[in-house]
There are 2 protein chains.
Amino acid sequence: MFHQLGRLGHMSAAPLDSSEHRSGPLLDHLARRMRLRSESVLSPLGLRPRHLVALTVLRDGGGTSQQALASTLAMDGTNIVGLLNDLESMQLIERRRSPEDRRRHVVELTDDGAKRLNEAECALASAENEVLGALEPDEREKLYLLLRRAATGTTITCEAVILEDTSPVDSR
Amino acid sequence: MFHQLGRLGHMSAAPLDSSEHRSGPLLDHLARRMRLRSESVLSPLGLRPRHLVALTVLRDGGGTSQQALASTLAMDGTNIVGLLNDLESMQLIERRRSPEDRRRHVVELTDDGAKRLNEAECALASAENEVLGALEPDEREKLYLLLRRAATGTTITCEAVILEDTSPVDSR
DNA sequence: ATAAATAGTTGGTGCTTCACATACGATCCC
DNA sequence: GGGATCGTATGTGAAGCACCAACTATTTAT
């Protein structure tokens, strides 16, 4: 599945991009399988995939405004509100008013949130082992680094500027 | 974003898996960004992300039964029916009764389907360039190979057996 | 001082993508 | 003949969103 059979379907004479392969369908497919496999370990922790992504961003990126989080996750602000309401009601994050601009909240992981995220990641070892089972450990590490490069690299744009610009936890 | 800040949130003393990092949230995040970026080029072609994944499987894997396709895509058979109805109505696939078992359909890409898939992949070059823009071309190739290994490797299980077992286009 | 803009919230509609269930017809196997 | 299989149609329900309007509180510009 997904392996090239001599590109039988490649009818066009027009040359493709230098990298003819498309990672898009593969990303979709693997993300879906990972999600399916993860649900059974996330539900006991009261978490859903969206929660996990948000918690990961907050742990790795530190406190952030809701707008910055919306931008990072490419989600509408009103949907971020609902997502954060879920996490706040579970005491996994807290919102505090920014002393610099009291319209704004700074959203941060709580100790419980960090712990829960850690538990989730431990629990997800089995999902990763299954979904990425064909890869050697060094290949999994390489995959992780490439995915992270791709994920963080593109925020070295206006998104990163917004994030840096609004982050109140920086010593200023 | 997603880069490690000294694992500040890593409270547990219990050692994680040998690869401490989780690719799951990154796969989710990148798949979502790829999907968002892809929609504007897929809609003019009358395609949605699910269509693209299915067409890719059919091109790369050749003719297959609906059951095998359902298994490969980890989807319920009744939802595969709807998906294939869409593609059939656009003349991108055709269903033919298997001569070996007339309960079963063999689903294959049509010439139009192969062409449309190719057009979609050309059009998606811009999405890949944007979402994977932080990676060098050789890194994109490496990412593709790892994703494909992960995607195809885990089907060397009962899924692959089902696929091989039910594929009527093999010389038997 | 006032108006405009911003950050966040609430409540809502609507769409897509599924899981899952039931019932059915046609076909295959025992 | 009966049970199992393959696929189809129809349906419900949930999750994950986009998008909208209206609102409060706060900041910024005039």
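Proteins come first, then strands; the chains are lettered A, B, ... in the order of their sequence lines, and each starts at number 1.
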Distance check needed: [N] [atom2] versus [X] [atom1], whole Å only.
X      : N      : atom1 : atom2 : answer
B/R97  : C/dA26 : CZ    : C1'   : 7 Å
B/L47  : C/dT17 : CG    : P     : 11 Å
B/H105 : D/dT5  : NE2   : P     : 19 Å
B/R104 : D/dA4  : CZ    : P     : 18 Å
A/I80  : D/dC19 : CD1   : P     : 14 Å
B/N85  : D/dT8  : CG    : P     : 7 Å
B/L52  : C/dT16 : CG    : P     : 17 Å
A/M75  : C/dG8  : CE    : C1'   : 15 Å

Next item on the list: Kindly say whether, by distance alone, the side chain of B/T78 makes a donor-acceptor pair under 3.5 Å with the base of C/dC20?
Entry: yes
Notebook entry, point to check: Looking at D/dT5, does its base get a donor-acceptor pair with the side chain of B/R103 below 3.5 Å?
Noted result: yes
Next item on the list: Would you kindly compare A/N79 and A/L84 by the position of their nearest DNA chain C nucleotide and give the one closer to the 5′ end?
Entry: A/L84
Notebook entry, point to check: Do A/L47 and A/L92 come within less than 4.5 Å of each other through their side chains, counting heavy atoms only?
Noted result: yes
Next item on the list: Using a cut-off of strictly less than 4.0 Å, decide whether B/Q66 has a side-chain nitrogen or oxygen near OP1 or OP2 of D/dG7.
Entry: no
Note to self: Check this one for me: any side-chain N or O of A/R102 less than 4.0 Å away from OP1 or OP2 of D/dT27?
What the structure shows: yes
Item checked: A/H105 and its side-chain contact (heavy atoms from CB on, under 4.5 Å) partner, picked from A/E94, A/R96, A/R97, A/Q67 -> A/R97
Note to self: Counting the atoms with a prime plus P, OP1 and OP2 as sugar-phosphate, which does B/R32 contact under 4.0 Å by heavy atoms, base, sugar-phosphate, or nothing?
What the structure shows: sugar-phosphate
Next item on the list: Could you tell me whether B/D76 contacts a base, only the sugar-phosphate backbone, or nothing, with contacts defined as non-hydrogen atoms closer than 4.0 Å?
Entry: base
Check: Starting at the 5' end of DNA chain D, which residue's closest nucleotide do you reach first, A/R48 or B/V81?
Finding: B/V81
